[in-house]
Amino acid sequence: MTASGPAPLRVLVVDDDAGARALHTRWVAATEGFAVVGAVASGEAALASVERGVDLVLLDMRLPDISGIEVLHRMHVAGVDRTDVLVVSSSRDQVTVRQALAAHPVGYLLKPFDREALQDRLRAYAAERRSREDAQRDVPMGQGDVDRLLATGSVRVVGPAGASVGAPEGALPKGVSATTLGRVVAALDPVVARSADEVAAATGTSRATARRYLDHLVATGAIDLAHRYGRRGRPQVLYRLAPAP
């Protein structure tokens, strides 16, 4: 903890392509709340760096010595539970993707992607990590907290397939209502990814409102981000319900 706020999250960039490694390093370093502590080109170097302590690894799947899947496996065997992994890879085959997701990374970002796509994912991860850490703390409740809990109860929004994606009404951020949140969740699907414009049309809200609710759901881990790449311009950000744990 610094005088101005929490310490930045320590990031290790792992990619055998020197150009991609340098580019991703610059993008991470330019994201508030993150600091690059290393950039390596191999799986063995990644494992050695993780042992020295990092918060997040940007991990490519195609490495010259051992695969990214093997890195994930060895991290699990070593019990490295304080280090998260964001897969950044051009590997799209089902075997690789399924094996990577089985290791429970915080995301799987397909190459190529731009700076905005990576920074959006990093910000969502930082918000989710803060929520996770707050939930692990046993913070004593004050009388006001107890009174609010008695008054509001535990109102939760349930999405398709029984996925519980809400929060106590009193815990929702300012400007986020449980009713609208429920409509946004109902407009989403665990398989078909939808854009903010599509969600706005389905819920009868403005795009800005839909985006605010989608950002909240991403931060809480209720939905996942995906990207649709066209021939020109930036990739379109898409959203879908996260699979039930």
Side-chain angles (χ1 to χ4, degrees), residues 27 31-33 84 86-89 92 94 97-98 100-101 104-132 134-135 152-245:
W27 289 350
T31 309
E32 184 178 359
D84 294 316
L86 171 61
V87 176
V88 288
S89 177
R92 298 167 180 260
Q94 290 194 26
V97 173
R98 288 179 181 276
L101 295 182
H104 304 293
V106 298
Y108 195 115
L109 193 55
L110 287 170
K111 296 178 180 178
F113 51 83
D114 63 7
R115 172 173 168 165
E116 182 181 18
L118 177 59
Q119 291 186 324
D120 282 348
R121 188 61 62 94
L122 290 174
R123 294 187 188 104
Y125 160 72
E128 186 279 332
R129 185 180 177 107
R130 286 194 299 270
S131 298
R132 186 200 320 162
D134 288 344
T152 61
S154 181
V155 180
R156 300 186 69 82
V157 179
V158 179
S164 179
V165 298
E169 180 76 21
L172 291 175
K174 184 178 180 180
V176 175
S177 76
T179 301
T180 304
L181 187 64
R183 295 209 310 268
V184 171
V185 170
L188 295 168
D189 186 87
V191 177
V192 180
R194 295 190 169 92
S195 68
D197 289 332
E198 291 171 324
V199 173
T203 56
T205 61
S206 68
R207 186 183 187 282
T209 296
R211 180 64 187 268
R212 184 169 72 251
Y213 280 81
L214 291 167
D215 287 345
H216 167 70
L217 290 168
V218 169
T220 59
I223 62 177
D224 289 330
L225 290 175
H227 295 87
R228 179 186 295 151
Y229 290 86
R231 293 183 178 179
R232 297 180 179 179
R234 295 179 299 185
Q236 183 181 28
V237 180
L238 303 174
Y239 305 85
R240 60 181 163 223
L241 289 174

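Nothing here was measured: the structure is a model prediction, and the numbers come from that model.
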**Asked** With side chains defined as the heavy atoms from C-beta onward, is the minimum distance between R183 and T205 less than 4.5 Å?
**Response** yes
**Request:** Determine whether L181 and L217 make a side-chain contact, defined as any pair of heavy atoms from C-beta on separated by less than 4.5 Å.
**Result:** yes
**Asked** Can you tell me how far the OH atom of Y125 sits from the CG atom of L86, to the nearest 0.5 Å?
**Response** 9.0 Å
**Asked** How would you list, by chain and number, every residue that makes a salt bridge (Lys or Arg N to Asp or Glu O under 4.0 Å) with R212, sequence neighbours excluded?
**Response** none
**Asked** Any donor and acceptor pair, going by atom type alone, linking the side chain of Y213 with main-chain N or O of S177 inside 3.5 Å?
**Response** yes
**Prompt:** Is there a side-chain contact between F113 and V88 (heavy atoms, below 4.5 Å)?
**Reply:** yes
**Message:** R115: which residues meet the salt bridge (Lys or Arg N to Asp or Glu O under 4.0 Å) condition with it, sequence neighbours left out?
**Reply:** none
**Request:** Measure across A100 and P105 and return the closest heavy-atom pair with its distance rounded to 0.1 Å.
**Result:** O-CD, 3.1 Å
**Fill in**
Taking every heavy atom of R240 against every heavy atom of V192, the minimum-distance pair comes out as CB-O, 4.1 Å
**Prompt:** Considering only heavy atoms from C-beta outward, does the side chain of V97 approach that of Y108 to under 4.5 Å?
**Reply:** yes
**Complete:** Distance col, row D197:CG vs R211:CZ, nearest 0.5 angstrom, shows 10.5 Å
**Asked** Looking only at heavy atoms, which two atoms of K111 and R92 are closest? And how far apart?
**Response** O-NH2, 3.2 Å
**Message:** If the condition is side chain to side chain contact (heavy atoms under 4.5 Å, CB included), which residues does A196 pass it with, not counting sequence neighbours?
**Reply:** R207, L214, Y239
**Side chain proximity check, T203 to T209, heavy atoms < 4.5 angstrom** = no
**Message:** As an exercise, state the distance from CD1 of I223 to CG of L238, rounded to the nearest 0.5 Å.
**Reply:** 11.0 Å
**Message:** Donor-acceptor pair, distance only, cut-off 3.5 Å: does the side chain of R121 make one with the backbone of G107?
**Reply:** no
